[in-house]
Structures are given as structure tokens and as C-alpha cells.
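Just so it is clear, the structure is predicted and the values come from calculations on it, not from any experiment.
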Amino acid sequence: MLVTVRPTIVASLSAGILAASVPAVARSQATGAFPGFPDVAEAIGVTLINVSGGAEKEYIIETNGNGAALFDYDGDGDIDLLIANGTTLERYAQGGDPMAALYRNDGGRFVDVTGAAGLEARGWGMGACVADYDNDGRSDAYVTAYGPNVLYRNRGDGAFEDTTARAGVGDAGWGTNCAFADYDRDGDVDLYVANYVQFSVESAPRPGERSTCRYMGADVMCGPVGLTGEADRLYRNDGDGIFTDVTDEAGIRDPGLYGFGVVFSDLDGDGWPDVYVANDSVPNLLFHNDGDGTFSEAGVVSGTAFNEAGHAQAGMGLAAGDYDGNGYLDLFVTNFSHDTNTLYQNLGDLLFLDGTAGAGLGADSLPHLGWGAGLVDLDNDGLLDIFVANGHVYPQVDDVDAGTRFLQPKEIYRNAGNGRFDEIGGDLDGDLAVARSARGAAFGDYDNDGYVDAVVVNIDDGPSVYRNDGGNRNHWITLRLEGTRSNRDAIGARVEIRAGGRSRFGVVASGGSYLSHNDMRLHFGLGSVERIDAIRVRWPDGSAEDLGGVEADRFVTIREGDGVVDERAAGF
């Protein structure tokens, strides 16, 4: 059992040594101030009121909330929005509520098309991830739930059909995060599903009933510690619309560690997708892809199972991106209040350092309980910033002197380019400072203006759509990849661009954040640089393609084997 193991010398490196090991990454001659982020959800038609149990949150099922997915379901070139939704215990006993709402993007305004799109499954929804699992050119959606998960196949006529039973992916556990990737590189995407705990109202302890059901002197809901966890599942896509559960034969050894965040991507640069799982209150897991259809668990030896102090944390949300410019995906994990979020710096060879303190990410996060997270370039200066959605699980903290609150503001950490981040969310003020109990967060450019926006799900409240106002004249490029030999969404493709004398890279990925799925187009901020000199794509099957330059401020489509097939300016 991983619980009894502690990290080796990796965890003993000091913040000073770590900071010295982080190379300075200059901004791309960025101009102007950091953008503002007004909440425009109601103005653009995104009005779903999230349902997450009762107000007192007496059971853990009522506290975890939901996620969202940004994807172009109708193929019109702008990203649409799916929001997972919960229910109440009383209504769940009667079948529950619709587990998801779908909003079609009509030129920057959204229209609720849930009914017309056939998203009819009812229950207690949790999150969603997206991929074209049957390679027909249309994005399909998988919705996780407390109870059977649901796979919606996109028919291409504006509607989806429930193909869960035929596909064999209706896991009846408590599904949380999910992600698609082609782990065996056979040309179609496979599915990883994180599971949480075994829960029923009949057997669950009540607030205050056990020592684990008290917090700062208040009686609170119980769990996850003290509850039985549920093991994650890995489904292999057999290429005929049917998946096979290969969890055991693939070596996915999860003894039931309260799974939340999932990254299904190549972490060591060998071309094979690995799996990293942020677990709640127990060690995190890293499954290294051995390239033969099996995985080896490497959480402890990689330095990602615990924080630098050797402690397991309450892993909630999870983001991956190359914040330090060394060519490897780093990991950012959000955690409980009175603890820090954790930044794992990827040094290569599947070795990570806890870079939290050295990056200046410790003290500012202590009052907050983090959920959805993104490593995204919010100001187009060429460096990845950090966005965190916060909110407590215990409404009772407002009645005690706990140093934290149930409703909390969002945080933005600006990448300073020297291995450190500056918390600027409070300085931006405005709608980001409005306290809510937030959960999932999804990131993408919904209005196609070249700046990345954020959608945040707030429990027992309407969602927030934080429009990135840009305004600093920094340049950018957004790339959409289309596989032909590889899976159609090119999930797992690695793209490196060369611009202004600097290289940077991104990886096409499904899932992410907390219970959410980000726009799979790859967005790169360029600062004052007006042209990309070269693009190199390593496709999921391992083949590489070198392309010439393109002008900045464009949405560019690259098709495997055909190069650039479409370029569009900003706007609709």
C-alpha cells in the first residue's frame, strides 16, 4: 500500500535549490496590463442553477459539485458548453435530475439545446470529458455520475444518442474525472475514469457521529476518510464502438484511493500517454505507460505521490502545462484549506520536484480550498499562468473561527518568468473577487477573440463565465489538430512552435481541471511577436511533421499528412 511509503531524497530538496534550478523564461516582449475578467454568464445566456444537495451539506455526495466541458459539438468553429448537474437526495431517490445541460454557442451568445440534443439521462451528474471516440469527425461526450456514467455519441444532426450499454462503459460507481487518450497508439481513444467512494445514505455516518466528522469544533459531513474508496477504471477502445475494461490486465492498481483529478498525457516525453490521478486525502498515483499495453505505478519514485513534506494532500483539481519552458509537462494540484496547493516541476525522466514554495505559491492559497484549476496563458505574454476556483465543503465554517469561509474568491497567479508566480486575483478585483463556493472550471476561447476565457461551476448557484477582456495588444496563435492515421481529435499530439527566437510546446488533451474538459485547441500567447517561424507536430502514432510559418492572430487547422488546411482571423 502506498499509504505507508514516504518520498525519498526528492522531497528533501530545499526551496532555494529548487528556485535555482528553474530557468528564467522571458516574456515574448509582452505589452500592456493583465486583462480583466467580467462574469458575463447571465448576459450571454448561461443560466443553469447548479443543484448540489441540501444547504447544510450533511453528506459528502452533496459537497463535491460539478464540472463543465468546452467543445465544438456542432462543428461550426466555435466552442459550445456542457455543464454537469447534480440533484438532491430526495429527488435522486425518485430518479434524479437531468445530469447535464448543453448550451450551443451562437456567435458568442448561448442557447440551451439540452432537450433538442437528446441529453435525457437523469441521476446525479458529476463531470464530463469529450473525444471523437468512433473517429467519425464529431465530438462525443462522456458524463460521469454518482451512479451509472453515460456515453453520448454525437449523431451529427444536432443531437446525441446514449450508447453507454453498447459501448460497455456504464460504470455504476461514483465517477468523478475522466479523460480520453490513445494509450496503445492503435488510432482510437481509450477512456480512463476516476472513481471516488462507495456511498449510500443508509450506511453513511451523520455529521459529528465520528471523530472524522468534526472540523474546527463543528459537526460536519463525514468523509472521505473513514469511507470505502472505489477503484478507477481503464477502458480500451476496440475500434468498433465497443470498449473493454482492461483495468487489471493493464496494471492499473488502484486500491480505492478517492480519485478526483485526472491527466491522461505523456509526462516523460517518450510518446506514450501516462495517467496521473489526484486523490483526496491519500497519495496521488502516477501510472507510467510501459508501451506494451501495461502501466507501472510510479507515484512515490516520481515525487508526485506526496508533497515536499512527505504528506498526502486532499487532491481536488489538476492542471498540466510547461510553466518553466523546459519541454516537459508540469503538474499543479489544488488542495484543502490550511494547506497549500502543490506545483510539481517536471525535470524529465519521470522525476518531479515539489516547486510550490520556490514558485511563491504557498501562503496565498492557505485560506482557500481549491478545486478547478488551469495552467493557461491568460495575458498572451507567452507564459502559463494559474487560475484556481475556490470554495469550501463545510457551510459550518462560517459559524466558527476557522480562518476560512464557505464562499471564496477565485485566484489568478501570474507567471513572472523566473520560476515564480504573483497572486494578482485580488488586484484585478471585479467579478473574480465575488465569493462563491466554486467547483469545476473549464478553459477556452468561447468568443474567438484570441484570449482564453474561463467557465466556473458554482454549487447551489448559477455558473460564472469569466470573459477575458484582453486589451493589451499581445499576439497569439490557436491551433486545431485533426488526425487521419491517428485518432481524429489528435489527442496526444505534441506541438512545438518557434517564434521570436523561442520555442514552446503544448499537448492536445481530453479532460482536465476538476470534473471538467478544456477546449482542445492549442493556444499560444506570443507577446509582441507577429509571426510563427515554424511548427513541428509529433502525432499520437509517433510520426513527426514539420510545417512552415504562419501569421499570428489566427485560428489554424492542421490535418495529419496535409499540413495547414485552414486559417481564420479572430471573431465569428
Side-chain angles (χ1 to χ4, degrees), residues 7 11 15 18-19 22 64-65 67 177 258-263 276-284 286 299 303-324 329-346 352-376 378 383-393 403-405 408-416 419-426 432 435 437-441 443 454 456 512-516 518:
L18 173 63
V22 178
N64 290 344
N177 254 31
Y258 312 142
F260 264 155
V262 174
V263 163
Y276 183 75
V277 184
N279 292 311
D280 188 358
S281 305
V282 291
N284 302 323
L286 195 163
T304 60
F306 306 93
N307 67 3
E308 187 178 37
H311 298 151
Q313 297 175 284
M316 310 283 193
L318 177 59
D322 182 17
Y323 85 92
D324 56 0
L329 290 175
D330 309 296
L331 298 169
F332 178 77
V333 183
T334 57
N335 295 304
F336 211 79
S337 62
H338 302 94
D339 193 4
T340 69
N341 299 323
T342 303
L343 178 68
Y344 294 104
Q345 183 196 5
N346 191 339
F352 293 76
L353 294 178
D354 181 344
T356 309
L361 293 171
D364 286 324
S365 67
L366 290 175
H368 302 121
L369 196 161
W371 297 89
L375 268 166
V376 288
L378 295 171
L383 301 174
L384 298 183
D385 310 298
I386 296 175
F387 182 107
V388 184
N390 298 306
H392 219 284
V393 294
T404 186
R405 304 291 293 176
Q408 300 179 3
K410 281 64 177 181
E411 294 173 282
I412 289 180
Y413 296 88
R414 189 181 194 184
N415 192 330
R420 295 185 62 84
F421 292 82
D422 300 316
E423 205 290 307
I424 64 170
L432 289 173
S437 193
R439 296 297 185 264
F443 303 90
V456 176
S513 188
Y514 172 74
L515 309 185
S516 297
N518 302 322

Considering all heavy atoms of both residues, which atom of P283 and which atom of N279 are nearest to each other, and what is their separation?
O-ND2, 2.8 Å
For A416 against D422, the heavy-atom pair lying closest together:
CB-OD2, 3.9 Å
Is the shortest heavy-atom distance from the side chain of M316 to the side chain of L369 under 4.5 Å?
yes
Shortest non-hydrogen pair, A441 vs A389, comes out as CB-CB, 4.4 Å
So how far is it from T304 OG1 to D330 CG, rounded to the nearest 0.5 Å?
12.0 Å
Where is the tightest heavy-atom contact between T340 and Q313, given as atom of each residue plus distance?
O-NE2, 3.1 Å
Identify which one of D324, D322, N415 satisfies the side chain to side chain contact (heavy atoms under 4.5 Å, CB included) criterion when paired with L383.
N415
Only residue of L378, V388, L384 satisfying side chain to side chain contact (heavy atoms under 4.5 Å, CB included) with Y413 is V388
Closest contact, heavy atoms only, V333 versus G315:
CG1-CA, 3.8 Å
Quick one: does N341's side chain get under 4.5 Å of I386's, heavy atoms only?
no
Test item: D354 and T342 side chains (from C-beta on) under 4.5 Å apart, heavy atoms:
yes
Can you confirm whether the side chains of H338 and T404 place a donor and an acceptor under 3.5 Å from each other?
no
If we only count heavy atoms from C-beta on, is the Y276 to L331 side-chain gap below 4.5 Å?
yes
Is a donor on one side and an acceptor on the other found under 3.5 Å between the side chain of T334 and the backbone of G317?
yes
Apply side chain to side chain donor-acceptor pair (under 3.5 Å) to S437 and list each qualifying residue two or more places apart in sequence or on a separate chain.
R439
Does a side-chain heavy-atom distance below 4.5 Å link I412 with L432?
yes
In this structure, CG of N284 is separated from CG of L318 (nearest 0.5 Å) by 8.0 Å
Please evaluate residues Y323 and F421 with respect to the criterion ring pair (Phe, Tyr, Trp, His ring centres under 6.0 Å), reporting the C-alpha separation (whole Å), side-chain torsions for both, the decisive distance (0.1 Å), and the verdict.
CA-CA 10 Å; Y323 85 92; F421 292 82; 5.6 Å; yes
Are side-chain heavy atoms of W371 and N64 found at a separation under 4.5 Å?
yes
Hey, mind stepping through F336 and H392 against ring pair (Phe, Tyr, Trp, His ring centres under 6.0 Å) and telling me if it holds?
CA-CA 8 Å; F336 211 79; H392 219 284; 5.3 Å; yes
When rounded to the nearest 0.5 angstrom, what is the spacing between CG in N177 and CZ in F260?
9.0 Å
Closest approach of A373 to S513 (non-hydrogen atoms, all atoms of both residues)
N-OG, 3.0 Å
Less than 4.5 Å apart, any side-chain heavy atom of V456 and any of K410?
yes
Nearest-0.5 Å distance that lies between atom CD in E308 and atom CG in L343
11.5 Å
